[in-house]
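Report on one structure; see the data block that follows.
Since we're looking at a predicted model, the values are computed, not measured.
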Amino acid sequence: MSALSIAEGESLVTVAMRSVREHIRSNGLRVGDALPGEHHFASQLGVSRAVMREAFGALAALSVIDVGNGRRARVSAIDGSVMATSLEHAVSTEQVSITEIWDVRRTLELRTVALAALNRTPSEADRITELAQALAAATEPDEITVLDIALHQAIAKATHNIVFHQIVRSFENMMRVAVPAAWRTRTTPEQRTVVRANHLEIAAAIDAGDPARAVAAMDSHFDASVIRAARMAP
């Protein structure tokens with residue numbers, strides 16, 4: 001590692017961050033592996049400890065590294081919460097609409113449910129069924145929201161594709177608003193029965209290992225509740 005080469009318009013912190021990422025890649029570091037300390041990077045790059053402290057802090061905020069008091073920084077695992085923060089910011093500043101976000105979510109979840117039907121383990125199928133049944137029996141809005149989020153994340157996890165799982169996780173905070181909104185639109189027992197039946201059908205299709213049936217059930221679920229709620233959201 002040599003002293004920094006700074007392009008026009010780049011800050012020392014930005015280039016120091018890139019150098020840490022390059023160190024991780026070039027040394028083949030994996031999740032949980034320790035990194036050299038701020039002093040090491042500062043000496044190698046020819047920058048101050050203050051620059052490296054800021055670079056480490058920014059990388060930690062992005063979940064590239066994990067830092068804690070009294071121990072060395074380590075390589076972090078992928079974390080959907082970083083994407084969640086970006087999406088929430090985009091919605092709150094009206095760069096994108098919640099309907100646009102939910103259109104992307106629908107596309108993703110049609111794929112995740114198909115992969116879950118193909119790749120789920122017996123224990124994952126049992127967990128998805130358990131959550132769908134609990135959701136069908138739930139009556140309190142807070143309980144419904146928690147179970148709905150858990151169900152969709154369990155489906156994404158059953159794809160065995162960590163990227164899908166983390167992207168679905170990134171929708172969690174927005175779902176905390178959208179799920180109650182969706183439930184409020186179902187004002188009759190018959191309407192609420194349809195929503196509950198959709199969740200049970202999704203779980204049954206995954207348990208049966210039938211991706212086409214699972215996709216049809218998820219598509220029906222979005223038609224019945226999620227997109228309608230997204231259009232009502234601020």
Can you find a pair of side-chain heavy atoms, one from [X] and one from [Y], that are under 4.5 Å apart?
{"X": "Val15", "Y": "Val47", "value": "no"}
{"X": "Leu45", "Y": "Met52", "value": "yes"}
{"X": "Trp102", "Y": "Met174", "value": "yes"}
{"X": "Phe41", "Y": "Pro36", "value": "yes"}
{"X": "Ile24", "Y": "Ile65", "value": "yes"}
{"X": "Leu147", "Y": "Leu151", "value": "no"}
{"X": "Arg196", "Y": "Leu135", "value": "no"}
{"X": "Ile155", "Y": "Met218", "value": "yes"}

Residue that, paired with Asp66, satisfies side-chain hydrogen bond (donor to acceptor under 3.5 Å, both in side chains) out of Arg74, Arg71, Arg72
Arg71

Please check: side-chain N/O of [X] versus main-chain N/O of [Y], any donor-acceptor pairing under 3.5 Å?
{"X": "Thr85", "Y": "Ser81", "result": "yes"}
{"X": "Asp79", "Y": "Ser63", "result": "no"}
{"X": "Asn27", "Y": "Leu29", "result": "no"}
{"X": "Asp148", "Y": "Ile144", "result": "no"}

Side chains of Thr121 and Ser123: donor-acceptor distance under 3.5 Å anywhere?
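Short answer, yes.
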
Using only heavy-atom distances, determine whether the side chains of Ser220 and Asn198 contain a donor-acceptor pair under 3.5 Å.
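Distance-only check passes for Ser220 and Asn198.
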
At what distance, to the nearest 0.5 angstrom, does [atom1] of [X] lie from [atom2] of [Y]?
{"X": "Asp210", "Y": "Leu118", "atom1": "CG", "atom2": "CG", "value": "9.0 Å"}
{"X": "Arg120", "Y": "Asp207", "atom1": "CZ", "atom2": "CG", "value": "6.0 Å"}
{"X": "Glu201", "Y": "Ile206", "atom1": "CD", "atom2": "CD1", "value": "10.0 Å"}
{"X": "Met17", "Y": "Glu22", "atom1": "CE", "atom2": "CD", "value": "12.5 Å"}
{"X": "Arg176", "Y": "Thr145", "atom1": "CZ", "atom2": "OG1", "value": "8.0 Å"}
{"X": "Glu109", "Y": "Leu115", "atom1": "CD", "atom2": "CG", "value": "12.0 Å"}

Single-linkage hydrophobic cluster [X]~[Y], side-chain heavy atoms < 4.5 angstrom:
{"X": "Ile101", "Y": "Leu108", "result": "yes"}
{"X": "Leu12", "Y": "Val64", "result": "yes"}
{"X": "Leu200", "Y": "Val215", "result": "no"}
{"X": "Val96", "Y": "Val168", "result": "no"}
{"X": "Met175", "Y": "Val146", "result": "no"}

Using the side-chain contact (heavy atoms from CB on, under 4.5 Å) rule, take Arg169 and Ile78 through it: C-alpha gap first, then chi angles, then the decisive distance, then the call.
CA-CA 11 Å; Arg169 277 193 62 211; Ile78 185 173; over 6 Å; no

Ignoring hydrogens, what is the shortest heavy-atom contact between [X] and [Y]? Give both atom names and the distance.
{"X": "Arg30", "Y": "Asp33", "answer": "N-OD2, 2.7 Å"}
{"X": "Val82", "Y": "Ala61", "answer": "CG2-O, 4.0 Å"}
{"X": "Ala205", "Y": "Ala117", "answer": "O-CB, 4.3 Å"}
{"X": "Gly80", "Y": "Gln166", "answer": "N-OE1, 2.6 Å"}
{"X": "Ala158", "Y": "Ile128", "answer": "CB-CD1, 4.1 Å"}
{"X": "Ala84", "Y": "Ser170", "answer": "CB-O, 3.2 Å"}

Does atom [atom1] of [X] have more than 12 heavy-atom neighbours from other groups under 6.0 Å away?
{"X": "Glu54", "atom1": "CD", "value": "no"}
{"X": "Glu140", "atom1": "CD", "value": "no"}
{"X": "Asp142", "atom1": "CG", "value": "no"}

Is the His221 ring parallel, tilted or perpendicular to the His199 ring (thresholds 30°, 60°)?
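Ring orientation, 0 to 90° scale: tilted.
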
Criterion side-chain contact (heavy atoms from CB on, under 4.5 Å) on Arg105 and Phe222, from CA distance to verdict:
CA-CA 10 Å; Arg105 183 186 161 207; Phe222 271 83; 3.9 Å; yes

Near-ring test Phe171/His152, centroid separation under 6.0 angstrom
no

Check this for me: does any side-chain nitrogen of one of Arg127 and Glu124 sit under 4.0 Å from a carboxylate oxygen of the other?
no

